[in-house]
Amino acid sequence: MRLDKLSSIIWRSVVLVGCVLLSAVVIWPILFALSSSFSPGRSAAGLSTVPFASGFTVENFAYLFTQTLYPTWFLNSFIIAAATMLGTLVIATIAGYVFSRFNFTFKGSLLTSMIVLQIFPSFVGMIAIYVLLNRIGALDTLWGLVLVYLAGNLPYSIWLVKSYLDTIPVAVDEAARIDGASHLRIYATIIMPLAKPILIFLSVTTFAAPWMDFIFPKLVLRSAETQTIALGLISFVTDKNINFTVFSAGAILVSIPFMIFFLLTQKSLISSLSAGALKD
Amino acid sequence: MLFMGLAHMTVLRQRYKGAAFALVEIAFIAALPYLIRNIIGLITLGSPQPGLPIKLRDNSVFMIIDGVLAVATVAVFLAIYAISVRGAVNDHRAGVQNEPPSARKQLTAIGSRAFPVVGLAPTLFLILFFVFVPLVFSALVAFTNFSSPQHLPPGNTVDWVGFDNFVTMFGGNQLYTGALVRVFTWTVIWAVLAVGTSYFAGMILAVVLHETKFRIKPVFQAIFILPYAVPAIVTLLIWRSMLNGAFGTVNKTLMELGLIDQAIPWLTDPTLARFTVVLINLWSAFPYFMLLTMSAMTAISPDVNQAAELDGATGLQRFRYITLPLVTYQTAPLLVMSFAANFNNFGAIFFLTNGGPNLPDTTATGAGATDILVSWLYQITVGQLQYNYGSVIAVLIFLVLAPFAILQFRRTKAFKGEI
């Protein structure tokens, strides 16, 4: 019994020390960015290794809002990500519902092609996408970019929704159909509420990806007013760390909402992960 | 049944359905000359016209895209045709109606039948234009000489060259073949290490947190989730600055602590840079697997563990014989998909090292020491304008990853005959 207690104490101290060390490694870059966002000067080279020892100023944040189009970038990124998320949710859930509940010619081949298509990083086809967007006058527009993301999201999302809906018994919608409900009504009022876990998972993933994407905005967006956060932030640090402190300020502002969101939704995140990722 | 919809209208007396099919066919016939011209363009890719101003010359890239679009249109039409024939035959078998269904009945039937059609239309349209056609286009480019400086539209045309690019990449040109072998090997190693390290780190952490009853456990858990919450681009760019050899905080801190004497070339030594990208990936990816394991563990009934505990199983034994097998069983399929995702993890390489540091062949081939296939693909197309070689890489990625997609497909119920 005593030995047990001793080993338990040793185990707990080892775990505690390990967790503290790991926490330090995890927090280090975040703390570094936070401290440099409040540091005077521009470059990363002059920064002290001790956080907040280089002085304190809000000049970087002021620079961000007066000398750059940061608020515009933020808004653009938000519009793109939100539109992509909403579009994916609507289109993918309807298609997933159709694939799950209807039988029609070519259904099998369509599903197979979706699963094959979803393995490609969509920028493999960027030249053709550029030309097609140019044709329909969507270059340098936010909606053009949304179209590209939307199309890229669909194969995987549809597959995900379809698999999830397959686990909901058909008896549920058949009962409603006998009561005279239309397909649209069944989809909207019965199936969607039941599919909530997968909808949450889809919302988070389809919002986060375009929010910080780099390649497609770089390809599609040209003018200063259409730039996104990712493009703007990268422009501060390309090659030399000329504007590292300003970059940090912008990066911190972008990350804070996400960190708060993730910390608050930890619990449902874990359960939606099991709905979205673990079940197929 | 030469003309779609005729059967529906005459024999089966489904006037509206027939009319819809007929409209599709009329539109198709009207577009036929245009489609044929574009398909011919796809075959010839235009001829050089040095005499004309650049704007008026044949643009081979447009011709490939228009040709692919035309072929896709024909395929869609044939599919609709097949659906129409099959529908008519089925309805016919069901019995030629003695009385034509009333217009109202037909419209209700269409209203209900239209749901899947209308529901799928935006999906099919978007995927066709922005996923399928671009992918086919880049696959086709692998068989052309579309590259800088000789064959770059709009100034010059592009020609079909058969398998020449594949020959160059797979043995014909020493520089490119050497780079391809190196990048491919590293891509596989990278994907395995990236998944393996973060998976085991995340799982062990989740289990340890789960097993140890700390009062401050939620604090640790919250801290460990942070890397998952910060956008990857941001963390990678911060790490890049911190790991800078000359003035990076990591080196400066280690020196001030007296742990090292001279700067460590984290991102500038080829071998060390590869090690660093895996390490930083571990930093940003372990929370995902930690959350995943936690989520999988909630599915394990506490009774099982209690029973084992009563039987005198130690914590380690319970982990080895209960938690590990159950969690692995649930998450293993995801490992396969994570491998595929990391195989294509452009950002993890591009933002941290930009593919560097340079190797002797980098100037010629564009492939740096840490470049994986996708980041090389980006470099070789955007940086070097060698679209033909880039497309060969794309085809290679397809050949490697397609089995994984099929594997995932076979696992699903759809394959087991539930479609």
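In what follows, chains are A, B, ... by sequence order, proteins preceding strands, each numbered from 1. Values in this document were obtained by computation on a predicted structure and should not be read as measured data.
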Heavy-atom contact with chain A under 4.5 Å, split by part of [X]:
X	answer
B/I223	both
B/L401	both
B/N345	neither
B/L124	side chain
B/V61	side chain
B/L205	side chain
B/A340	neither
B/F343	neither

Exercise. Parallel, tilted or perpendicular: which describes the rings of A/F214 and B/Y378, with under 30° parallel and over 60° perpendicular?
Worked result: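 A/F214 vs B/Y378 ring planes: tilted.
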
Problem set entry | Mutual orientation of the aromatic rings belonging to B/F115 and A/Y187 [parallel < 30°, tilted 30-60°, perpendicular > 60°] |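 Plane angle between 30° and 60°, so tilted.
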
Heavy-atom closest pair, residues [X] and [Y]:
X	Y	result
B/W283	A/V25	NE1-O, 3.1 Å
A/F32	B/T249	CE1-OG1, 2.7 Å
A/I94	B/G119	CG2-CA, 3.4 Å
A/F258	B/A229	CB-O, 3.3 Å
A/F247	B/I238	CE2-CG1, 3.9 Å

Exercise. Within 45° of the six-membered ring axis of B/F62 and under 6.0 Å from that ring's centre, is NZ or CZ of A/R135 located there?
Worked result: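 Ring-cation test returns yes.
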
So for [X], is it side chain, backbone, both, or neither that comes closer than 4.5 Å to the heavy atoms of chain B?
X	result
A/L132	side chain
A/L184	both
A/S182	neither
A/L22	both
A/Y130	neither
A/L16	both
A/I27	side chain
A/I256	neither
A/I252	neither
A/F261	neither
A/I136	side chain

Kindly indicate whether the side chain of [X], heavy atoms from C-beta on, has any atom under 4.5 Å from the side chain of [Y].
X	Y	value
B/F398	A/V124	no
A/V131	B/F137	no
A/M114	B/I127	yes
A/F99	B/T123	no
B/F220	A/V20	yes
A/I127	B/S138	no
A/L133	B/F129	no
B/L237	A/F236	no

Problem set entry | Value rounded to 0.5 Å, distance of CZ in A/F244 from CE in B/M242 |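 The CE atom of B/M242 is 8.0 Å from CZ of A/F244, to the nearest 0.5 Å.
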
For this session: Quick one: pull up CD1 in A/I158 and CG in B/L120 and give me the separation to the nearest 0.5 Å.
Result: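 With rounding to 0.5 Å, CD1 (A/I158) is 7.5 Å from CG (B/L120).
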
For this session: Using atom types as modelled and distance alone, determine if a side-chain donor or acceptor of A/W211 lies under 3.5 Å from a backbone N or O of B/P231.
Result: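 No, the answer is negative, given that no donor and acceptor are paired below the 3.5 Å cut-off.
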
Problem set entry | Intermediate values then yes/no, side chain to side chain contact (heavy atoms under 4.5 Å, CB included), A/M126 and B/T381 | CA-CA 10 Å; A/M126 60 189 172; B/T381 49; 3.8 Å; yes

Picking from [options], which has the most non-hydrogen pairs under 4.5 angstrom with chain B?
options	result
A/L263, A/V15, A/I91, A/I129	A/V15
A/A95, A/P29, A/A151	A/P29
A/I30, A/L154, A/L233, A/V116	A/L154

Using a cut-off of under 4.5 Å for heavy-atom pairs, which of [options] has the most such pairs with chain A?
options	answer
B/F130, B/F132, B/F350	B/F130
B/A341, B/A402, B/A79, B/G390	B/A79
B/Y387, B/F286, B/F346	B/F346

Problem set entry | side chain to side chain contact (heavy atoms under 4.5 Å, CB included) between B/V382 and A/K218, intermediate numbers included | CA-CA 11 Å; B/V382 175; A/K218 180 95 184 149; over 6 Å; no

Problem set entry | Positive for side chain to side chain contact (heavy atoms under 4.5 Å, CB included) with A/S255, one of B/T235, B/L226, B/V230 |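 Single pass found, and it is B/V230.
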
Exercise. Is it the case that more than 12 heavy atoms not belonging to A/W28 sit under 6.0 Å from its CH2 atom?
Worked result: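 Yes, because the 6.0 Å sphere around CH2 of A/W28 holds more than 12 heavy atoms from other groups.
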
Exercise. Is there a side chain to side chain contact (heavy atoms under 4.5 Å, CB included) between B/I216 and A/C19 once you walk through the steps?
Worked result: CA-CA 11 Å; B/I216 50 167; A/C19 282; over 6 Å; no

